[in-house]
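In what follows, every chain begins at residue 1, and chains take the letters A, B, ... in the order their sequences are listed. Values in this document were obtained by computation on a predicted structure and should not be read as measured data.
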2 protein chains.
Amino acid sequence: MSLDQFEDERDAAIHKVRKRVIETIGRNMDLYGISQSTGHLYGLLFFADKPMTLDEMGREMKMSKTSMSTGVRTLLDLKMVNKVWEKGSRKDLYEVEYDWYQTFTDFFDIKWRKSVESNIQILSKSIDEMGRLLTEYEHDPEFTELLRKDIAKLHEAVAYYGWLDRLIDTFESGEIFKLVPKEPPTPHN
Amino acid sequence: MSLDQFEDERDAAIHKVRKRVIETIGRNMDLYGISQSTGHLYGLLFFADKPMTLDEMGREMKMSKTSMSTGVRTLLDLKMVNKVWEKGSRKDLYEVEYDWYQTFTDFFDIKWRKSVESNIQILSKSIDEMGRLLTEYEHDPEFTELLRKDIAKLHEAVAYYGWLDRLIDTFESGEIFKLVPKEPPTPHN
DNA sequence: AAGAACGTACAGAAAAAACTGTACGAAATT
DNA sequence: AATTTCGTACAGTTTTTTCTGTACGTTCTT
């Protein structure tokens, strides 16, 4: 009985600290386009001593299993958590990807890359079409002026997305760590 | 009358192309944590030939002036649009920041930086507290093991956020453009 | 000084997103 | 083959966000 009491005391102490961290992580997860509660779930998995099942998550989060299922899938899509195999258990087990650098680069590769490429495609197509209008209305100086301005803007946008694409390349290839090393440079004087 | 007809035809042609681009931009703006319609507003401003007033935006977007006001403020906070001064007019005028590289780096400086710093602060504090628990329960091997694991995780997290902080520094200083130039490297063989 | 035009605070309505419970198909166990 | 256990699709509910109209303070105009 008194043993339990000690355990409760210990648990409460560590739980309090964990909780604050989990909530901080959860709150800031909106940068990744993730809802607060899914971020919270991520925080939970971050501290879990072992891979968790959906039921365990639901119990800890005091939420339905359905929500856990959709939350985990969101995190899985972003490769923020991994599915873990464990013989014996026929439940699905999940744990966070502890390599946060990897998580960061994956995020850009998954979310941003998709936008970048679709944007470049649409923009290029639009440049072509405006070019066609340019020849079609070449004797209309007022209108061609308008078109020229738009085309110039679109070209700049394409150039920017090209840059973004190359930036994401350096994330994915790990080249970025040459410019910004994981270990901060030690000041030597 | 026939002149008007020509104008309509031209306008319709350019409008169709613009519309598609605007919608593409708007759709992808969720990466910046911006709602679709505010993204749409951004797209509108992108093509505007001149700085626009709230009333003009409302007319084009077919939305209330209030919405324009809040939308513009969101974009202003992210420095995606700028307030423009024009003597004579006493209305507020806005135009997009056409330097998208600047917009990109500002975004990280504004949104991510805030998260990074608050996270580092909370995490450090939590490491301290867990360290205190470590000495308090030093004769409880099972519990200290738990604490040690948590502390290790927290240290890794702090290291990651430190890296992120330095990465954002390179965005802000423009150093990133040394690694990833705005002009793509020309292949010379 | 009075009036008009502007931007936004605020409260309520509309729309979107998150969450839950039930139901069901798939896979493992008996 | 029957039964149990699992994960998720789906419909309905709750919560959150977005949008609108009115009202009001401020700043120009007259």
Exercise. So does B:Ser64 get a side-chain nitrogen or oxygen closer than 4.0 Å to the phosphate oxygens (OP1/OP2) of D:dT20?
Worked result: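 Answer yes for this pair, as a side-chain N or O of B:Ser64 is under 4.0 Å from OP1 or OP2.
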
Exercise. Under 4.0 Å between a side-chain N/O of B:Ser69 and OP1 or OP2 of C:dG7, yes or no?
Worked result: no

[N] [atom2] sits how many Å from [X] [atom1], rounded?
{"X": "B:Lys65", "N": "C:dA9", "atom1": "NZ", "atom2": "C1'", "result": "14 Å"}
{"X": "B:His40", "N": "D:dT18", "atom1": "NE2", "atom2": "C1'", "result": "16 Å"}
{"X": "B:Met61", "N": "D:dC19", "atom1": "CE", "atom2": "P", "result": "8 Å"}
{"X": "B:Leu41", "N": "D:dC19", "atom1": "CG", "atom2": "C1'", "result": "14 Å"}
{"X": "B:Trp85", "N": "D:dT27", "atom1": "CH2", "atom2": "P", "result": "11 Å"}
{"X": "A:Tyr94", "N": "D:dC6", "atom1": "OH", "atom2": "C1'", "result": "10 Å"}
{"X": "A:Met68", "N": "D:dT8", "atom1": "CE", "atom2": "C1'", "result": "14 Å"}
{"X": "B:Gln36", "N": "C:dA17", "atom1": "CD", "atom2": "P", "result": "9 Å"}

Between [Y] and [X], does any NZ, NE, NH1 or NH2 come within less than 4.0 Å of an OD or OE carboxylate oxygen?
{"X": "B:Glu95", "Y": "B:Lys50", "answer": "no"}
{"X": "B:Asp49", "Y": "B:Arg18", "answer": "yes"}
{"X": "A:Asp169", "Y": "A:Arg113", "answer": "yes"}

Which nucleotide sits closest to the side chain of [X]: [options]?
{"X": "A:Thr66", "options": "C:dC19, C:dC6, C:dG21", "result": "C:dG21"}
{"X": "A:Met63", "options": "C:dG7, C:dC19, D:dG7", "result": "C:dC19"}
{"X": "B:Asp92", "options": "C:dG7, C:dT8, D:dG7", "result": "C:dG7"}
{"X": "B:Leu54", "options": "D:dA9, C:dT29, C:dT8", "result": "C:dT8"}
{"X": "A:Arg90", "options": "D:dT4, C:dA9, C:dG21", "result": "D:dT4"}

Using a heavy-atom cut-off of 4.0 Å across all strands, would you classify [X] as base, sugar-phosphate, or nothing?
{"X": "B:Ser35", "result": "sugar-phosphate"}
{"X": "B:Thr53", "result": "nothing"}
{"X": "B:Ser37", "result": "sugar-phosphate"}

Exercise. Is there a donor-acceptor contact under 3.5 Å from the side chain of B:Asn28 to the main chain of B:Thr24?
Worked result: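 Between the backbone of B:Thr24 and the side chain of B:Asn28 there is a qualifying donor-acceptor contact (under 3.5 Å).
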
Exercise. Roughly how far, to the nearest 0.5 Å, is the CG atom of B:Leu75 from the OH atom of B:Tyr42?
Worked result: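 Here the interatomic distance stands at 8.0 Å.
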
